[in-house]
Amino acid sequence: MQNGVWPIAEESEKLEQIDLRSMLPEELCELMQRWGEPSYRAKQIFSWCARGAASIDEMTNLSKSLRETLKRHCRLSALTVLQRQQSKKDGTVKYLFGLHDGNAVESVLMHYEHGTSLCISSQVGCRMGCTFCASTIGGLVRSLTAGEILEQVIFAGLDSGERIDSLVLMGIGEPFDNYDNVIRFFRLVNHPDGVNLGLRHISVSTCGVVPGIYRLAEEGMPVTLSISLHAPNNALRTAMMPINRRYPVEELVEAARHYAKTTGRKVYIEYTMISGKNDSEAHARELAARLKGMLCHVNLIPLNPVEGKSGVSSERQVIERFSQVLKSCGISSTVRRKLGDDIDAACGQLRRSSIKEQGHEI
Ligand code: SAH
């Protein structure tokens, strides 16, 4: 079985169930051929999946016998909205979505001048262990399937009635720890018979899984890469992000340079500002020296406080000063607007508070 999607067992054997919403049109076509169905059925099924059909019975333009065959061999999971919180300040909507197995993930709908953006999760929990991040508390439960990543886009769109213009993979999880399903998701969401969202409108963020960066550079997909750097040197970065022991700053920045050079696309450097930790002028100069000559832009993010984690955000003027030092060294940067901080909008926080409310730990 590849990617948890495509069964290779013979029809006569007990088949593992096909995860219908993770299937690409060409794979559905192959399945239809195997079942002696006309190939246009593949397009119909793919389109139902992309429009958010929650059951095979909803696919009313398929023959009854095909629906029965699909029900025998396939599963079609659908997210449920467990919680919806809307920020009174800026209209940001945070969803807690329930998965078929009782787990939950978060997605956040944000409104910008350039359109509506959805921040989506790639895993249930995370095993990367960054000290300031809520997603990592409790570790990794499991990776999402490509279909489950897609479902966040479909169901946030249906629930809000809004057109989603862009996506960021900056929710719960490390996308490159679920590489194959994330790439499959890109193909699914980009397909003209489905959601049809341009790859140029997708950003994927990594805490520094270097091999994933090199692989992505080879995919020929014009997605934007963000690197969660957060520190300009190894001593500081290792203390904040355990992944740095495996892939130190030099290797990570080298991979980012390679991505920018190979794809011609600007790389975004995420830098969370933590008071007294990584926010001095010397840190800014060290960061600028690291990034010198790279096609990149630095996003300075005020730390969102997470319960049970130490650290507070740098003051506004400290962040502004950091940004000015970067600029004087020739590195462009912006201070990211805080959206939805009245609704636990930092990664993983809604899922954590719901787990606590339910009174069980993961
Ligand atoms: N695992 C990926 C994507 C998920 S995190 C990654 O690390 O890039 C998305 C972004 O939010 C990352 O830049 C992460 O470092 C940042 N982040 C996590 N916790 C935060 C917090 N409490 N305050 C501000 N930013 C945070």
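For ligands, and for the atoms within them, numbers begin at 1 and follow the listed sequence.
- Remark: T334 engages H297, N299 in a side-chain contact (heavy atoms from CB on, under 4.5 Å) (not counting sequence neighbours).
- Every residue two or more places apart in sequence or in another chain that forms a side-chain contact (heavy atoms from CB on, under 4.5 Å) with S226 is listed here: M170, S205, Y268, E270.
- At a heavy-atom cutoff of 4.0 Å, ligand 1 is contacted by both the backbone and the side chain of N304.
- Using the six-membered ring where Trp is involved, Y179 and F176 have ring planes that are tilted, between 30° and 60° apart.
- Residues R187 and E27 are not paired through a salt bridge, judged by the lack of any N-O separation under 4.0 Å between the basic side chain and the carboxylate.
- Side-chain N/O atoms of S55 and D57 include no donor and acceptor closer than 3.5 Å.
- When non-hydrogen atoms are compared, ligand 1 lies under 4.0 Å from the backbone of L303 as well as from its side chain.
- Around atom 1 (N) of ligand 1, the closest heavy atom drawn from G173, S205, C207 belongs to G173.
- Looking at S228, G208, S122, it is S228 that brings a heavy atom closest to atom 8 (O) of ligand 1.
- The proximity of T206 to ligand 1, defined as any non-hydrogen pair under 4.0 Å, is limited to the backbone.
- With no hydrogens or angles considered, a side-chain donor-acceptor pair links N234 and N244 at under 3.5 Å.
- Across the listed options K309, M273, H230, H230 owns the non-hydrogen atom lying nearest to atom 14 (C) of ligand 1.
- Residue contacts with ligand 1: G171 is included, with a non-hydrogen atom under 4.0 Å away.
- The proximity of E174 to ligand 1, defined as any non-hydrogen pair under 4.0 Å, involves the side chain as well as the backbone.
- With a 4.0 Å cut-off on non-hydrogen atoms, M128 does not touch ligand 1 at all.
- Checked by atom type, the side-chain pair S63/R67 shows no donor-acceptor distance below 3.5 Å.
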